[in-house]
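Working notes, beginning with the structure itself.
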Amino acid sequence: MKRQRGFTLIELMLVVAIIGLLAAIAIPKFANLVIKAKEAAIRGKLGSLRSALSIYYADNEGTYPHPGNISQVFTIGGKYLDAVPSISIPTVPSHADFNFIAGIQGLDWVDGGGISPPWGYDSSNGTITINCTHTDTKGTTWSLW
C-alpha cells in the first residue's frame, strides 16, 4: 500500500490562523504608514513654499511680498513656483482641498470670499503656515509646522 502524503486539516487551519493573525497586525500598521506618507508630502509642499519665499526675499534685497498678491508673486512666469501646491490634510478630510495662500494679519486669517485658505502667509516675518488647528499623527498642531 502506498501512503498518501499531504497536510492534515488541523495543520492547514493552524497556518490560516497564523496568517490571519499576522494580517490583523500588519494592516493597521500599513494604514498608518499611508497617512504618514501623506503628511510627509504636505511637509514637502510647505517646504517648497518656504523655499520660494526665501528665494523671493533674496531676489528682492530683503523685502517680503505684499500679502494681497502672494499667490500671484510665486507663480508669475514660474520663477518661484509653477503653481501653488494644493493641500489635503489626511487626518481631517473635512478641510477643503484648495491651492490658495491668504495673508495673515496678527492671528486672523484673511480669507478669499468665504474660502478657508489652506496656506497662510504673514508678511511681517515672512512665514508660511498651514491653516489647520487639528493635530497630525504625532500630536503636533498643523499650524505649528
Side-chain angles (χ1 to χ4, degrees), residues 6-145:
F7 296 106
T8 65
L9 182 59
I10 296 206
E11 290 172 331
L12 290 173
M13 288 176 59
L14 280 172
V15 169
V16 169
I18 290 171
I19 290 173
L21 181 67
L22 291 174
I25 293 170
I27 289 173
K29 296 268 186 200
F30 176 74
N32 195 19
L33 288 177
V34 171
I35 290 173
K36 286 184 179 183
K38 289 179 180 180
E39 287 179 354
I42 293 171
R43 283 186 192 265
K45 291 176 182 181
L46 179 61
S48 69
L49 283 172
R50 288 180 175 166
S51 294
L53 182 62
S54 295
I55 294 168
Y56 179 93
Y57 183 80
D59 283 351
N60 292 285
E61 300 173 1
T63 58
Y64 290 112
H66 186 271
N69 62 351
I70 185 73
S71 293
Q72 291 82 14
V73 165
F74 283 155
T75 57
I76 290 176
K79 182 174 183 181
Y80 303 105
L81 291 172
D82 291 334
V84 175
S86 63
I87 184 173
S88 178
I89 297 175
T91 55
V92 189
S94 63
H95 285 293
D97 186 11
F98 292 114
N99 58 345
F100 178 76
I101 303 174
I104 304 173
Q105 295 173 346
L107 296 175
D108 297 326
W109 289 78
V110 180
D111 64 40
I115 298 171
S116 181
W119 306 110
Y121 166 65
D122 188 351
S123 61
S124 65
N125 57 8
T127 57
I128 294 181
T129 57
I130 298 173
N131 181 15
C132 181
T133 56
H134 296 95
T135 58
D136 62 3
T137 54
K138 294 181 181 178
T140 306
T141 305
W142 289 90
S143 60
L144 297 178
W145 277 12

List the steps, then state whether side chain to side chain contact (heavy atoms under 4.5 Å, CB included) holds for V84 with W119.
-> CA-CA 9 Å; V84 175; W119 306 110; 3.9 Å; yes
So, R50 side chain and I128 main chain: donor-acceptor pair closer than 3.5 Å or not?
-> yes
Closest approach of L81 and S48, non-hydrogen atoms and distance?
-> CD2-O, 4.1 Å
Determine, stepwise, if the pair Y64 / Y121 fulfils side chain to side chain contact (heavy atoms under 4.5 Å, CB included).
-> CA-CA 10 Å; Y64 290 112; Y121 166 65; 3.1 Å; yes
Taking D136 for its side chain and G139 for its backbone only, find out whether a donor-acceptor pair lies under 3.5 Å.
-> yes
Would you check, one step at a time, whether the test side chain to side chain contact (heavy atoms under 4.5 Å, CB included) holds for T129 with D122?
-> CA-CA 8 Å; T129 57; D122 188 351; over 6 Å; no
Could you check if a side-chain atom of I89 sits within less than 4.5 angstrom of a side-chain atom of W142, using non-hydrogen atoms only?
-> yes
Checking T8 side chain against E11 main chain: does a donor-acceptor pair fall under 3.5 Å?
-> yes
Identify, with sequence neighbours excluded, every residue that meets side chain to side chain contact (heavy atoms under 4.5 Å, CB included) alongside E61.
-> none
Can you name the closest pair of heavy atoms from S86 and K45 and give their distance?
-> O-NZ, 2.8 Å
Return yes if a side-chain donor-acceptor contact under 3.5 Å exists between D59 and Y80, otherwise no.
-> yes
Close side-chain approach of P65 and L53, heavy atoms under 4.5 Å | yes
Take T140 and T135 through the test side chain to side chain contact (heavy atoms under 4.5 Å, CB included) and record every step on the way to the result.
-> CA-CA 5 Å; T140 306; T135 58; over 6 Å; no
Scan the side chains in residues 13-38 for donor-acceptor partners under 3.5 Å anywhere in the protein, sequence neighbours excluded, and list what turns up.
none

Heavy atoms only: give me the nearest C132-T141 pair and the separation to one decimal.
-> O-CG2, 3.9 Å
